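Labels below follow one simple rule: chain letters A, B, ... track the order of the sequence lines, proteins then strands, and each chain is numbered from 1. Just so it is clear, the model here is predicted, and its values are computed rather than measured.
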Number of protein chains: 2
Amino acid sequence: MKKERYLRSIRLLAECFHAFQHISDTHVRTLGLTSPQFDILATLGNTEGMSFKELGQKTLITKGTLTGIVDRLEEKGLVIRTCCLEDRRSMIVRLTEQGQAEFERLFGPHIQFCKQAFLGYSDEDFAALDRELAKLKSHLDATMPKPG
Amino acid sequence: MKKERYLRSIRLLAECFHAFQHISDTHVRTLGLTSPQFDILATLGNTEGMSFKELGQKTLITKGTLTGIVDRLEEKGLVIRTCCLEDRRSMIVRLTEQGQAEFERLFGPHIQFCKQAFLGYSDEDFAALDRELAKLKSHLDATMPKPG
DNA sequence: TATTGTTATACTCTATAACTATA
DNA sequence: TATAGTTATAGAGTATAACAATA
């Protein structure tokens with residue numbers, strides 16, 4: 001069985017992502033949210049809200065699942081559904097005042113917490129990393145079918 | 001709120017990983033396995049088997065969860081638990097003959113399928129990507145607490 | 001007809017913690 | 001006392017497909 005060249009890269013990519021995700025998720029959990037819930041909160045933060053469709057596209061969560069996650073966030077009083085006047089099939093999800101307050105209370109500290117993972121990373125390190133990841137991303141976007 | 005430098009890198013990392021994971025998971029599903037199940041199968045492939053502890057460390061799955069996933073793979077007849085003679089607290093998980101056959105039947109095609117994501121990526125592209133990811137990984141390993 | 005979001009179902013994964021049997 | 005794995009519980013995410021309302 002021939003060893004494909006990309007496997008090494010994907011393994012590295014997965015290891016990096018998992019390592020970071022582990023510390024991030026563990027911290028999010030201590031804040032009382034699940035990872036997808038925090039993802040939604042972070043996506044809605046500093047916006048006027050957006051439709052389920054747009055929210056699903058940004059977070060890669062399918063519509064059926066998204067309904068449940070938004071339900072739980074609505075039960076916590078963090079988001080609210082409003083009708084979209086232009087297209088009455090569509091629902092707009094946005095942060096409530098409490099949700100906005102939670103976003104501000106949690107997001108900054110979370111960013112600070114996760115920052116420790118990159119302690120000592122130089123501007124040049126970041127620039128080189130971003131260059132390769134951006135190259136990969138545009139390649140993947142061009143090569144792979146879009147979800148949704 | 002100051003914009004932390006690492007956020008852009010992490011966003012790129014997550015986007016790349018999610019994009020790849022989406023195509024990989026979707027394909028794995030069509031093979032009749034969940035993503036964690038395939039992960040276990042791939043980890044056990046071409047080994048003599050390993051303990052729950054080692055399997056958990058390699059896949060980042062905690063012991064309670066691992067018991068359930070291995071249960072389901074055992075029900076499918078793909079893996080088997082055997083006792084460890086040296087330490088009788090420990091259980092060794094290894095592929096059954098059928099599991100080995102499934103591994104060989106699924107793994108190669110899956111690797112080929114996912115390869116399409118990197119179609120046209122050059123040796124230089126891979127080398128540059130690997131260099132930055134390996135740098136990041138060793139940095140994360142040094143900076144972040146290990147799970148387990 | 002196609003699209004947006006909901007509902008229903010059934011399953012898988014997950015965190016957590018108490019438990020057992022060994023060491 | 002500590003470790004390896006299991007069990008129990010409850011909740012959360014997921015895929016899938018059928019559905020209602022609207023476009």
Side-chain donor-acceptor contact under 3.5 Å, [X] with [Y]:
| X | Y | result |
| --- | --- | --- |
| B:Ser122 | B:Asp125 | yes |
| A:Gln98 | A:Glu102 | no |
| B:Asp39 | B:Thr59 | no |

Just the atom pairs and distances: protein N or O near nucleotides 2-7 of chain D's N or O, under 3.5 Å.
from	atom 1	to	atom 2	distance (Å)
D:dT3	O4'	B:Arg89	NH1	3.4
D:dT3	O2	B:Arg89	NH1	3.0
D:dA4	OP1	B:Lys53	NZ	2.8
D:dA4	O3'	B:Ser90	OG	3.4
D:dG5	OP1	B:Phe52	N	3.0
D:dG5	OP1	B:Ser90	OG	3.1
D:dG5	OP1	B:Met91	N	3.2
D:dG5	OP1	B:Met91	O	3.1
D:dG5	OP2	B:Lys53	N	2.6
D:dG5	N7	B:Lys63	NZ	3.4
D:dG5	O6	B:Lys63	NZ	3.3
D:dT6	OP1	B:Arg81	NE	2.8
D:dT6	OP1	B:Arg81	NH2	3.4
D:dT6	OP2	B:Thr67	OG1	2.9

- request: Indicate yes or no for a side-chain donor-acceptor contact from B:His139 to the backbone of A:Leu119 under 3.5 Å, with no hydrogens or angles considered.
  value: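 The answer is yes, because a donor-acceptor pair under 3.5 Å joins these two groups.
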Among A:Phe118, A:Tyr121, A:Phe126, A:Phe113, ring pair (Phe, Tyr, Trp, His ring centres under 6.0 Å) partner for B:Tyr6: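 Of A:Phe118, A:Tyr121, A:Phe126, A:Phe113, ring pair (Phe, Tyr, Trp, His ring centres under 6.0 Å) with B:Tyr6 is met by A:Phe118 alone.
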task: Round to the nearest Å and state the distance from B:Leu60 atom CG to C:dT14 atom C1'.
output: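 Checked: the CG to C1' distance equals 14 Å.
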- prompt: How many Å lie between CZ on A:Arg72 and P on C:dT7, as a whole number?
  reply: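 The distance from CZ of A:Arg72 to P of C:dT7 comes to 13 Å, rounded to the nearest Å.
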query: From the list D:dA12, D:dA23, C:dT14, which nucleotide is the closest neighbour of the side chain of B:Ile69?
result: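 Ranking D:dA12, D:dA23, C:dT14 by closest atom to the B:Ile69 side chain puts C:dT14 first.
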- request: Using only side-chain N and O atoms of A:Thr34, determine if any of them is under 4.0 Å from OP1 or OP2 of D:dG13.
  value: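 Yes, because at least one side-chain N or O of A:Thr34 sits under 4.0 Å from OP1 or OP2 of D:dG13.
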Residue mapping more 5' on DNA chain C - nearest nucleotide basis, B:Gln37 or B:Glu86: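 First, find each residue's nearest nucleotide; the 5'-ward one identifies B:Gln37.
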field: Residue pair B:Leu44, B:Arg94: steps toward the side chain to side chain contact (heavy atoms under 4.5 Å, CB included) verdict
entry: CA-CA 6 Å; B:Leu44 292 177; B:Arg94 62 174 178 75; 5.7 Å; no
